[in-house]
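Each remark here refers to the structure printed beneath this line.
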Amino acid sequence: MDQAAPRGTRDILPPESGIWQQLEERFDDICQRYGYGEIRLPSFEHTEVFARGVGDSSDIVRKEMYTFDDRAGRSLTLRPEGTAGVARAFVQHGLSSEAYPVKLYYRMNLFRYEAVQKGRQREFNQFGAECFGSADPAVDAEVIGLVDRFLAELGLTAVRLELNSIGCPDCRSNYHETLRDWLRPRIASFCPDCQQRFEMNPLRILDCKVPEDQARLHDAPLLFDGLDPDCRAHFERVTELLDAQGIRYQINPRIVRGLDYYSRTVFEFISENVGTQGTICGGGRYDGLVAALGGGEVPGCGFAMGVERLLMELEAQSCLPSLPARSRLYLASLDRAAQTAAAGLADRLRQEGITTCSDLVGRSLRAQMKYAARSGFSHVIVLGSDELASGSGRLRRLSDGAEEEVRLDADAIRSRLDPRTAD
Ligand code: ATP
Ligand code: MG
């Protein structure tokens, strides 16, 4: 049997999982401060949800999905992104009848069959949020503001925000023709993927990852230059609101985003450090998505942030969240009666919120002390017949060996371990 996890997947063990928990808590907290409620979704959907919701011409649907038939012959797909599933749930649960805007956030694992490299896995995680029901540019600015605030609260500085508008379907169909005309005499020199995109959705070519193709595109016509007046006014209002919040951005007319359902505002938060995998977060407005999934005309706007890439960036900028320093007590025991007493005392201490472990292996005292020191315990009490008889023992702090006498009851021990919670 192959003992390694499948290629492109990763196990997260302690203490790293503690850092994940911290990030998750902070993301929950900021979303709740912005009025978002958490949505939890199934890990797989009917394939059609993504084919329609992400778009047939996207890289995700064309070549990255884990699609399979279940035993009853239904085509299912492990979710490659979050927004289509959230919109599916929005339609299914009739959320369009709730007071607008409807604000939902999520934390989820995702699956894409990709070329594995640093910051690019086959199972990865995103934090995201979606706001449904308002076409007002105030939504776009608040969604961007949430991400900006989150990154600032984590202490990240070297991240830049790039902003663009890809207009409405009308702007795009005009532009498709302009772009096709420009590409037609040049397309033979582009990569095979781009040749397919030329037919399906030429806008996708602007998003090609092949550096030579990017270079060839430097003087291609820009959609941004041909936005219709409504789309231009929308974009200008977004920038006005960002300016008012003091959020800095660069306009980058080449951002198109990988999914088909975007309209108008698109944005990315990009690391100043990491190279090609430097996009930490992407998002934008998707006014046609809910309708594409069989709901009504409900506008939406949201973002998705890659958690693994966020962690890489936090590490690069030396701002990984630190784990809270907590006391951890080990109750060593000299004999069977003491082991029994230790188990009872440990139970009472845990009810008081104190991390407590006792011997589960039947080890010698020496071996127990070695275990406690190696496993990160901060304090030890050794229990034997004397301690059981007197009802008190010596609390030893492992960092410096300091000892003090303490009564063997939960309140007394708690007050010695953490003076802040003393009665
Ligand atoms: P890229 O251009 O890097 O392929 P994308 O446009 O496919 O990104 P989105 O679908 O917008 O990415 O997902 C939002 C975020 O999720 C990305 O900005 C990135 O941080 C993260 N992400 C996307 N794909 C992966 C992956 N395979 N492994 C790890 N993180 C990923
Ligand atoms: Mg991708």
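Just so you know, ligand 1 is whichever comes first in the structure, and atom 1 is the first atom listed for that ligand. Remember, it's a predicted structure, so these values are computed and weren't measured experimentally.
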Discussion item. Looking at non-hydrogen atoms alone, which of Arg112, Arg257, Glu114, Gln117 comes nearest to atom 11 (O) of ligand 1?
Written reply: Arg257
Worksheet item: Given Gly119, Gly282, Ser58, which one has a non-hydrogen atom that is nearest to atom 29 (C) of ligand 1?
Response: Gly119
Fill in: Enumerated ligand 1 atoms positioned under 4.0 Å from heavy atoms of Gln126
13 (O), 14 (C), 15 (C), 16 (O)
Item to complete: May I ask you to decide if the ring planes of Tyr100 and Phe90 are parallel, tilted or perpendicular, using 30° and 60° as cut-offs?
Response: parallel
Practice prompt. For residues Phe150 and Phe27, establish whether the separation of their ring centroids is below 6.0 Å.
Written response: yes
Worksheet item: Any idea which part of Glu268 is under 4.0 Å from ligand 1, heavy-atom wise: side chain, backbone, both or neither?
Response: neither
Discussion item. Under the side chain to side chain donor-acceptor pair (under 3.5 Å) test against Ser75, which residue among Asp70, Thr47, Thr67 passes?
Written reply: Thr47
Worksheet item: Do Tyr105 and Glu130 have a side chain donor and acceptor closer than 3.5 Å?
Response: no
Worksheet item: Just checking, Arg232 and Phe224: is the charged tip under 6.0 Å from the six-membered ring centre and within 45° of the axis?
Response: yes
Fill in: For Gln121, the ligand 1 atoms whose distance to one of its heavy atoms is below 4.0 Å
26 (C), 27 (N), 28 (N), 29 (C)
Item to complete: Check ligand 1 against Ala304 and write out every atom of the ligand that is under 4.0 Å from a heavy-atom position of the residue.
Response: 14 (C), 15 (C)
Discussion item. Does only the side chain of Glu81 get under 4.0 Å from ligand 1, or the backbone, or both, or neither? Count heavy atoms.
Written reply: neither
Discussion item. Less than 4.5 Å apart, side chain to side chain, heavy atoms only: is that true for Leu179 and Leu223?
Written reply: no
Discussion item. Is the terminal nitrogen or CZ of Arg79 (NZ for Lys, CZ for Arg) located under 6.0 angstrom from the six-membered ring centre of Phe111 and within 45° of that ring's axis?
Written reply: no
Worksheet entry | Identified salt bridge (Lys or Arg N to Asp or Glu O under 4.0 Å) counterpart of Asp193 within the set Lys209, Arg204, Lys63 | Lys63
Worksheet, complete the sentence: At under 4.0 Å between heavy atoms, what of Arg122 touches ligand 1? The answer is neither
Worksheet item: Which atoms of ligand 1 have any heavy atom of Lys209 under 4.0 Å away?
Response: 1 (P), 2 (O), 4 (O)
Item to complete: Measure Ile280 to ligand 1 on non-hydrogen atoms and call it side chain, backbone, both or neither using the 4.0 Å cut-off.
Response: backbone
Practice prompt. May I ask whether Glu308 has any heavy atom positioned less than 4.0 angstrom from an atom of ligand 1?
Written response: no
